[in-house]
Each structure stands twice: as C-alpha cells, then as structure tokens.
Amino acid sequence: MNLDQKNFLFTILDFVPMGIVVLNEDFQIVSWNHTLSIWSAMRPGEVEGKNIFDIFPHLNSPKYIERFEHVFEGSPPAFFSSKIHKFLIPCPIDEDEYRSQNCTFSRIPMRDDNLNKMGLLSILDVTDLNKNIVAVKNASRLKEEFFNICSHDLRSPLNAIIGLSDVMKSEDNTEEELKEYVDVINDSGQMMLELINNLLDLGKIGKVEHKTLKEVDFNHCLMSSIKVHRYLATKKNIKLSVKLEKTQIFVKANEYELIRVLNNLISNAIKFTSKNGHIDLELMKENGHAKFLVRDSGVGMSEDQLKHLFKKYNKGQRVGTDGEIGTGLGLSIGHQIIKSFGGTISVSSEIGKGSIFVVTLPLLKEI
Amino acid sequence: MNTKLVLLPGQEDALAEIFNIGVGKAASVLSHMTEKKVELITPKIDLIPQVEMANHLHMNGVKIASVRMDFYGDYQGSSAIFFPEASALKLVNLLTQEDEDSEDFDGILTETLKEVGNIVVNSVLGSLSNILNCRLEYSLPSYTKNSFENVFEEDVQGYGILANTDFRLGESQIVGNIIVLLSLDSSMSLLQRLVE
C-alpha cells in the first residue's frame, strides 16, 4: 500500500463516528482520528508519533500490554469492556465524568513507514447506552416496587377495616366498643388514603423521599399503629403487651413514614408469631435516643435470612404462620426510612425462639 | 462413506501443548487484570463429532453462557468458551466481587464474560495460529445465553476439539469448556498439520 492510499484510508477514519487510534508494534501512535480529537481534546499533531504509554501511563500495565502484544503476534481482536475498564483513552465529558468506552484492538494488514506491524484501537462511546440500560432497569424495578408497596402497605389497614366491620355486625358490642371500632376504621381509612396519595405521586415510588422532617410524638405514632394491629393480634390469640415511658418522646421524623415503619414491624411480628404466642412492644429513652423494641415469640430467622433482611431486593419472601403473604419489601423500605431520620434499625433472632427488632432515633427533646 | 476421525497420540500431545500455551497466556492476562492468582488448566483434549457433542458433555437442554468467535482463512470454524449458567455467575462474582444485587448485574455479567471469553479464546486461537504457522482472520466476540443446542448449530460432518477447562481463583474452582468447531475438511487438514 503506497503513501497516498494510507493517507486516503486515514482520512476516511476521520469520518467514522467512533474514536480510532492506529498504533504500530512499538506502541507509537500512527493515526488519531477526528472523533477522538474532539472527545479527548487532544489534536492529532499533539499525539501522533509519540508512544501511547508516555501520553497515557495507565495503559503501561501488563493487563493491557500483554493483550496488545498478543494481537500483534496474530491473536484475534482483544475486547475491553466499559464495565471492567471504564475507558482506555480518557475523554472527559465534564469535570468528574469520562466517556464509558467499549474498545477493540485488532491487527490490520498494513505496515507503517518503517515496516512495523500496525493495530487499530476502535473506541465505541457507550456512556448513554449504559445510562439508558440502567434507567430502563430502574424503571422496571420501580414499577415492580409500586405494585409491591400497594399490596404490602394496603393490606394491614384493609384487614383491620374488614375484620372490625365484621365484628360490628354482632349485636354484643357495647356502645364504647363500637366507638372504638369506628375510630380504628377511620384511622385505617385515613392511612390508606395517605398511602394512595403517595403512590399516585409516581416520582416518589420506590425511593424514600426525604420528606420534611418535623417534631413527631413517637408515643402517639406507636399508639396509632397499635390500634390498627390490636384486632389482628386478637384474631390469632396473640398477647400484645405495650410498655411506654411515662413522659412523651419526641423525635425528628415524618409522622406518616414513622407509622409506616411501626406498622411494618408490628404486622411482621403478628405474621410470624403462631397462635397463642406473645409480642412485647417497648418504647423507652436511652442515651439520648428513643429506643423501640418489638420482641416476639415467633418462628425466628436463620443467619442467612438475617443477612439479606434489609436488602433492597431481598427475595426472601416468607409466608406467615397463618398463611399470610408479604412481599419481603417492608423491612428494606423501613430501613431506608429510619436511616433518613438519622436512626438505626437492627434485628437479632433465633429459629424457633423469636425475633427482636430494635429501632433507635435521636431524641429531639424531653418533656 | 463416513470418515471417522480419531486423535492419534502425537496429535493429542500437540493439541494439548497448543491449548496449554494458550490458556497459560490467558491466565497471565487474567491474573494481571484481576490482581489475583488465576490458574487455567486443560487436563484433557478430545476430538468429538459435532453431532455427539451435547450428549458427550451431558448438555442436552442445558442453558449455557458462551462467548464465541468465528474464524476463517487456512481453517474455517468457530471457537467458544462456555459455562453452565450457575458457573458463569460464580466466575463473574469471583472476578468482579459483584453479585446479583448489584445495579445492572446483567450488564456486568455479559461484559465480564465477553472479555474473559475473549481473552481465553484469543489466547488459544493465537497459540494455534502461531504454532501451526497458519493464517486466520477473526470475527469480534459475541456473547450468547441460550441452550447448548441453540448456541452451537451442528455441522453434521464437522468435528469439535474440546478442552475441559478448570478456572482456579484462590480456593475456588470453576469448570468451563473451550471448543474449537471445524468443518470436516478443516478438521482433516488440521490433524494432518499436527503430525507434520
């Protein structure tokens, strides 16, 4: 191939919408195409004729050199994935982001002016592709979570409404009991309405939005949650005992979301405790924190189950002692919510003996 | 008349050497890439008619993850590395420390296997073309996850050189297979070349 033909070919490479570098077997840059000049902000004149390792020292590593050399020796094209290397030639998009590159290095049937073998590094910019794939997968996960949250969080208040309205059909209820049942049904309805309003705001689904945090009465939240669940516990003949501090406990939180976490912990305890078991709820102050414990005499969990319990995509869906179905999602959401309030949630458990969940939140003030 | 090819001891030794040199180079690249000691061992080489391959490997209906490259020139065929799905997940987990909970794990799995497969298959084909001094041109690597039969369409007369391959990373061991699929003509010509 004569010089004119080579120049002609290298000119064509300028019009290819991929980054292209031609190297000789001494790793000198023979050609640097126009696309790569724009991406890297390095003109051909600045790099051509120079050793690529002098310009990009990170490539001067056996993990690259060996593979380039194998190609010069006759091996097939070497592929370098963006998922592993991110990029071979740094091409900044902005201050802290570089183009993700899928690169291929192949030998070409041409020699340079000194009859050295030549290889072609072609660079495909996959930044947008990678982002789009992640966005599509996230959208799909969010959709799945949307339905999971619906089924999970709507179940507890709905069960209370259905169960208590059944009880109200009986003629044995006193007026006081009826008033209490109506209150619980009303609270449950309010809780569902608030949940549905939140779900309709699609932007908030699947992620815990850091809503405005304000002073929240922990005792009040706990009592609201207990009201909804007492009936469910009674139905399984589970003894639900509650121990509260005499003084009020205030924390910085979002009331709706705190109740959501408490609902989840208490409904889980009921779900995994067999008939005639017991659940102890305790709210106290300890070392400047509000500490809430849910102790059940339920089925308990294995070490493996505990390991994945708070993970976002925990697939360990479990069925309750009475066949209750859950999504395995509530605890991961609860974990995120409590974290966003600056608190912690932890668990200890033993198979056959039960579980203890502990939530701590910094105290806002003491009365 | 059907031609039944078998490996003679000298041919088997030569192929074993070609594969061992190839996987040795691949292990060196993978060790540098992962900064861990990676060993690749091909204890046995077989020559199997392509129609018997799935039965021989007990792979009928088995879903595999494979990276394949076609080649042409002095010999025509394709070469691939493949793993049962569970082994592929384990290998990627060991190499990248990413697991199924990772964001875009499918992408990481595909790209990692594609690059690992490319390194291994390249090294074996490079070793083959260097030692036999033959001219080969290659396609780019492609990754496929499907049943064994769907990934490798049979050439009813063709043969496959099969190398059972152990990946050893620290305490862990993962078994994969490297195959070089050749037409009957290319198989005969290659075997002839091995004894020359």
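Just so we're on the same page: letters track the sequence lines, and every chain starts at 1. Keep in mind it's a predicted model, so treat the numbers as computed, not measured.
- Between S28(B) and E66(A) there is a side-chain heavy-atom pair separated by less than 4.5 Å.
- No side-chain donor from either of R67(A) and N122(B) sits under 3.5 Å from a side-chain acceptor of the other.
- The two residues K63(A) and V29(B) have their closest heavy-atom pair at O-CG1, 4.5 Å.
- When the shell of 6.0 Å around NZ of K86(A) is examined, it contains more than 12 heavy atoms from other residues, nucleotides or ligands.
- Taking chain A as the reference chain and counting heavy-atom pairs below 4.5 Å, the highest number among G107(B), P141(B), S123(B), G22(B) is found for G107(B).
- Remark: E17(B) CD is loosely packed, at most 12 non-hydrogen atoms of other residues, nucleotides or ligands lying under 6.0 Å away.
- Salt-bridge formation is not detected for the pair K83(A)/E98(B): no Lys NZ or Arg NE/NH1/NH2 atom is positioned less than 4.0 Å from an Asp or Glu carboxylate oxygen.
- Within the 4.5 angstrom heavy-atom criterion, only side-chain atoms of S129(B), from C-beta onward, approach chain A.
- Between the N130(B) side chain and the G74(A) main chain, no donor and acceptor come within less than 3.5 Å of each other.
- In this structure, I84(A) CD1 and T96(B) OG1 are separated by 8.0 Å, a value rounded to the nearest 0.5 Å.
- Comparing S106(A), S61(A), A78(A) by heavy-atom pairs within less than 4.5 Å of chain B, the highest count is held by A78(A).
- The pair K25(B)-E73(A) counts as a salt bridge, with a side-chain nitrogen and a carboxylate oxygen less than 4.0 angstrom apart.
- Contacts of L140(B) with chain A are made by side-chain atoms alone, with heavy-atom separations under 4.5 Å and no backbone atom involved.
- Other residues, nucleotides and ligands place no more than 12 heavy atoms under 6.0 Å from the NE2 atom of H34(A).
- Chain A forms the most heavy-atom pairs under 4.5 Å with one residue out of E35(B), K114(B), E137(B), M69(B), and that residue is K114(B).
- Counting non-hydrogen atoms of other residues, nucleotides and ligands closer than 6.0 Å to NZ of K36(B) gives a total above 12.
- The closest side-chain heavy-atom distance from Y138(B) to P77(A) is below 4.5 Å.
- Residue Y98(A) places its OH atom among 12 or fewer non-hydrogen atoms of other residues, nucleotides or ligands, all under 6.0 Å distant.
- Counting all heavy atoms, side chain and backbone alike, S82(A) lies closest to E111(B) at N-OE1, 4.3 Å.
- Proximity to chain B is absent for every atom of Y64(A), based on heavy atoms less than 4.5 angstrom apart.
- Counting heavy-atom neighbours within 6.0 Å of E97(A) CD, excluding the residue itself, gives a total above 12.
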